[in-house]
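Okay, so here's the structure we're looking at.
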Amino acid sequence: MKIKVTLTNGKVKEYQADTTLAEVARDENPDLARMVLAAQINDNQVVDLSYPLEQDTKVRFLSFEDEEGKQVFRHSAAHVLAQAVKRLYPQTKLAIGPAIKDGFYYDFDASQRFTPEELEKIEQEMRNIIKNDFPFTRTELTREEALVKFSEVKEDYKVELINNLTNTPVVSLYTQGEFTDLCAGPHLPSTGKLGAVKLTSVAGAYWRGDERNKMLQRIYGTAFPLPAQLEEYLFRQEEAKRRDHRRLGVELDLFSFHEEGPGFPFFHPAGMVLYNQLVQFWREVHEKQGYQEIKTPLILSQDLWEQSGHWEHYRENMYFTKVDEKDFAVKPMNCPGSMLIYRSRLHSYRDLPVRLAELGLVHRHELSGVLHGLMRLRCFTQDDAHLYMLPDQVGEEIIGVINMVEQFYQTFGFKYRVELSTKPEKAMGSDEIWEMATRALQDALQAKGMAYKVNAGDGAFYGPKIDFHLEDSLGRSWQCGTIQLDFLMPEKFDLFYVGEDGQKHRPVMIHRVIFGSIERFIGILIEHYAGNLPLWLSPVQVKVLPIADRHLAYAKEVTANLEKEQIRAELDTRREKINYKIREAQLFKIPYMLVIGDKEVANNTVSLRHHLQGDQGPVPLPPLVQMIRQKIENKTF
RNA sequence: GCCACUAUAGCUCAGCAGGCAGAGCGCGUCCUUGGUAAGGACGAGGUCACCGGUUCGAGCCCGGUUAGUGGCUCCA
């Protein structure tokens, strides 16, 4: 029987049925065939090259350049890792080993520890396996057969996995050399395709990601077809580390951490300038958008938190204290305080929406192991706001907030991802209310035409939310902005407004943040700009550098002129050489340096140097001041 | 919180076989008045994270604590 194979380049070829994809690839282009790792058929399934074609098929060959190809490649590397581990430590039990972004991992239940030295040995064994160029071969067994097979070799985790594969009568296994693993596949044709592998770290990981389960040892690694690609990857990782906000925070003297307050940041003067600039920008925008700013106390009676549901749903993250024998809690969120203000006077439907914004310092007892610079703290400032509105204002208000988020992130040139989080297990309120709220958020996203991912069960305990995620220098993503729709808190706090009919009605509430936390946002900003902050955020915008003492008087005059125009300028009066002063200003990533010597004094100019563009030559001060002012106002570099 | 690793001067890091604690940068004083990324000399600075143990003797070996790092779980 003949079958038709359609390739991505449009070619249609005829083959004998049972021709494998590998044969098709070789026939199409023998050179390219060496690059091909797997194939996608009929726009959905990714399969091995040994897959025999039985009917007319659309084929897309996958190489390492394709995301799916990378996945296959790294997944095969994970199998080789498992094989190496089994060779060296035969009693080790295998859990799972998928490909991930940038690499792969495999989880093991082993009696011995995988120290860095052990990783070396394992890596060496992997290289042997690669050199042997074992083909990956696929076999299928019924679930019962597979259960017997894996029970015999005491692979308890595999047995559990098979038991959970209830919707399929057969399971697939992949074998390379003496090693066989339960696996859906697909895989590379053979281990020899794995050009360069590297084991990067060991970490603990709970079986099935559940902290009640046993902690396994997870070995992380990465793999590339060519050693040069691996080198480049490792180099990029190093580069990323150089952008790490924790490192730059020290170098630029922005903030610090101390043993006396784990997870509690200390902002230095320079860091505070950055912080305050963000806040100033935030206030300007919010004022224009009809928000009113409030401030509520850090410590509030425990009764309040019982009323809000935090006691029930959020207690393990809260700090408690006693005042005059009464129980109080340090606020982990700002909403109850805001609601007390809303409730402190009567609201007419004509007043709504009421938008109360608060830069609220919240404290949350995060697990010690999760703390991470400014990104994950135990106290942070939320740029919070609570919007109280009529039910029919919900759509408009959500869109208003989304627009604001866009405006902010655009200002910084951030790419972001949007997620919609739905009702969690531990939640207040009925399914109907949750459905209604979730629907409202979806509608708003749809109206904005935004792509988003659904995060089932990840909502706040009082309502579903839209989250905005930004990426840090190592590609980890951090939640920043969030919009949470809440029908429940107004109920709990008996909030109302007086409607047209003179009766009490329940308002709807939106909780939202845009930066998320000012601290985390600063961390992301630092990494995003690699410490080269835009002019308007730079703690020092201009450094004035006189060459010799006799230029000091003029330099002071220049500095004063800059300061008069609200430009953050500093004068370096030290008796150091100009090269030295420039180097220091460069290291502090100060955007503009003004060098002043005999020529400048004589001509009434300054010599301009930009920290990224270098020497710009002499310019008169007034137009320069104007240019700088303009850049600050436009928030450009 | 869990798993693993780490902790030496303000910062980056050496240190050996268990035998008087080091370098560079930074800081201070002095000399140098220097034109676009480090001028020179001298000097101060340490409870080797903390507590305990082994030892004639511990920065080094062992146990614990604290903090940090990479993950897991959780989250702005």
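Everything numeric in this text was worked out from a predicted model, so none of it was measured.
The CG atom of A:D253 sits 15 Å away from the P atom of B:rG10 (whole-angstrom rounding). Going from atom CE of A:M318 over to atom P of B:rC74 covers 21 Å, rounded to whole Å. Nucleotide B:rU36 holds its P atom 16 Å from the CZ atom of A:R583, rounded to whole Å. Rounded to whole Å, atom P of B:rA76 lies 11 Å from atom NE2 of A:H310. A:N317 has its CG atom 16 Å from the P atom of B:rU73, to the nearest Å. Taking atom CZ on A:F588 and atom P on B:rG26, their separation rounds to 12 Å, with Å as the unit. Put simply, CG on A:L248 is 15 Å from C1' on B:rU12, counting in whole angstrom units. A:K577 places its NZ atom 8 Å from the P atom of B:rU33, with the value rounded to the nearest Å.
Judged by atom type and distance alone, A:N579 does not reach the base of B:rU36 through any side-chain donor-acceptor pair under 3.5 Å. Under 3.5 Å, the side chain of A:Y206 and the base of B:rG71 form no donor-acceptor pair of N or O atoms. Side-chain atoms of A:E316 stay outside donor-acceptor range of the base of B:rG1, with no qualifying N/O pair under 3.5 Å. Scanning atom types as modelled, one donor and one acceptor separated by under 3.5 angstrom connect the side chain of A:S607 and the base of B:rG35. Taking only distance into account, the side chain of A:R376 meets the base of B:rC74 through a donor-acceptor pair shorter than 3.5 Å.
Taking a pair to require two hydrogen-bonding distances under 3.5 Å in either a Watson-Crick or a G-U wobble arrangement, B:rG70 pairs with B:rC3. Across all strands shown, B:rG19 is found opposite B:rC56 as a Watson-Crick or G-U wobble partner, with both distances under 3.5 Å. With a cut-off of 3.5 Å on both pairing distances, the Watson-Crick or G-U wobble partner of B:rC50 is B:rG64. B:rG43 and B:rC27 make up a base pair, with Watson-Crick or G-U wobble contacts both under 3.5 Å. The base-pairing partner of B:rU33, taking Watson-Crick or G-U wobble contacts with both distances under 3.5 Å, does not exist among the strands shown. Taking a pair to require two hydrogen-bonding distances under 3.5 Å in either a Watson-Crick or a G-U wobble arrangement, B:rA14 remains unpaired.
Within the 4.0 angstrom heavy-atom criterion, base atoms lie near A:G369. Backbone-only contact: A:Y220 has heavy atoms under 4.0 Å from sugar-phosphate atoms and none from a base. At a threshold of 4.0 angstrom between heavy atoms, the contacts of A:V202 include nucleobase atoms, whether or not backbone atoms are also involved. In this structure, A:R520 reaches the bases: a heavy-atom distance under 4.0 Å links it to at least one base atom across the strands shown. Residue contacts shown for A:L216 are absent, as no nucleic acid heavy atom lies under 4.0 Å away. The residue A:E600 sits close to a base: some heavy atom pair falls under 4.0 Å. At a threshold of 4.0 angstrom between heavy atoms, the contacts of A:L545 with the nucleic acid are absent. Across all strands, A:K214 comes closer than 4.0 Å to no nucleic acid atom at all (heavy-atom distances).
Comparing the same atom, C1', in B:rA21 and in B:rC5 gives a spacing of 25 Å after rounding to whole Å. Comparing the P positions of B:rC20 and B:rC30 gives an interatomic distance of 37 Å, to the nearest angstrom. Between the P atoms of B:rG28 and B:rG71, the separation comes to 38 Å (whole Å). Rounded to a whole angstrom, the distance from the C1' atom of B:rC2 to that of B:rU73 is 8 Å. To the nearest whole angstrom, the two C1' atoms, one in B:rG43 and one in B:rU47, are 23 Å apart. Between B:rU54 and B:rA14, the distance separating the two C1' atoms is 27 Å to the nearest Å. Taking atom C1' in both B:rC3 and B:rA9, one finds a spacing of 33 Å when rounded to whole Å. For the P atom pair drawn from B:rG15 and B:rA67, the interatomic distance equals 28 Å after rounding to whole Å.
Checking B:rA76, B:rC2, B:rA37 against every side-chain atom of A:R609, the shortest atom distance belongs to B:rA37. You'll find that the side chain of A:I547 is closest to B:rG34, out of B:rU66, B:rG1, B:rG34. In the set B:rG68, B:rG70, B:rU36, B:rG70 carries the atom at the smallest distance from any side-chain atom of A:R246. Candidate nucleotides B:rA76, B:rA37, B:rU32 were compared by shortest atom distance to the side chain of A:R575, and B:rU32 ranks first. Here the side chain of A:I582 is nearest to one of B:rC75, B:rA37, B:rC72, namely B:rA37. Closest approach to the A:R574 side chain among B:rC27, B:rG1, B:rA76 is made by B:rC27 (side chain taken as heavy atoms from C-beta onward). Of the listed nucleotides (B:rA38, B:rA76, B:rU36), B:rA76 has the atom at the smallest distance from the side chain of A:Q479. Nearest nucleotide to the A:R364 side chain, out of B:rC2, B:rC75, B:rA37: B:rC75. Closest approach to the A:L367 side chain among B:rC75, B:rU32, B:rU73 is made by B:rU73 (side chain taken as heavy atoms from C-beta onward).
Counted by atom type alone, A:N334 and A:H386 present zero donor-acceptor pairs between their side chains at under 3.5 Å. Counting only N and O atoms by type, the side chains of A:S421 and A:E419 include no donor and acceptor under 3.5 Å apart.
In terms of phosphate contacts, A:K581 brings no side-chain nitrogen or oxygen within less than 4.0 Å of OP1 or OP2 of B:rG34. Side-chain N/O atoms of A:Y314 include none lying less than 4.0 angstrom from OP1 or OP2 on B:rC74. A sub-4.0 Å separation between OP1 or OP2 of B:rG71 and a side-chain N or O of A:S201 is absent. Contact between the side-chain N/O atoms of A:Y580 and the OP1/OP2 oxygens of B:rG26 is found at a separation under 4.0 Å. Proximity of A:R378 to the phosphate of B:rC75: no side-chain N or O atom is located under 4.0 Å from OP1 or OP2.
The salt bridge (Lys or Arg N to Asp or Glu O under 4.0 Å) analysis of residues 374-383 of chain A, with sequence neighbours excluded, yields the pairs A:E366-A:R376.
Within the 6.0 Å centre-distance limit, the rings of A:F108 and A:Y106 are counted as a close aromatic pair.
The nearest heavy atom of RNA chain B to A:R113 and to A:M375 marks one nucleotide each, and the one closer to the 5' end goes with A:R113. Between A:D458 and A:H372, the residue anchored closer to the 5' end of RNA chain B is A:H372, taking for each the nucleotide with the nearest heavy atom.
The 12-atom threshold is not exceeded at CD of A:E312, counting heavy atoms of other residues, nucleotides or ligands nearer than 6.0 Å.
In this structure, A:F380 forms an aromatic stack with the base of B:rA76, since both conditions hold: centre separation below 5.5 Å and plane angle below 30°.
Residues satisfying the salt bridge (charged side-chain N to carboxylate O under 4.0 Å, His left out) test with A:K214, not counting sequence neighbours, are A:D109.
For the pair A:E239 and A:R243, the salt-bridge criterion is not met [side-chain N within less than 4.0 Å of a carboxylate O]. Ion pair A:R208/A:E160 flagged as a salt bridge, since at least one NZ, NE, NH1 or NH2 atom sits closer than 4.0 Å to an Asp/Glu carboxylate oxygen. The pair A:D598-A:R550 meets the salt-bridge criterion, since a charged nitrogen lies less than 4.0 angstrom from a carboxylate oxygen.
With A:E358 as the fixed residue, the salt bridge (Lys or Arg N to Asp or Glu O under 4.0 Å) test singles out one of A:R512, A:K331, A:R283: A:K331.
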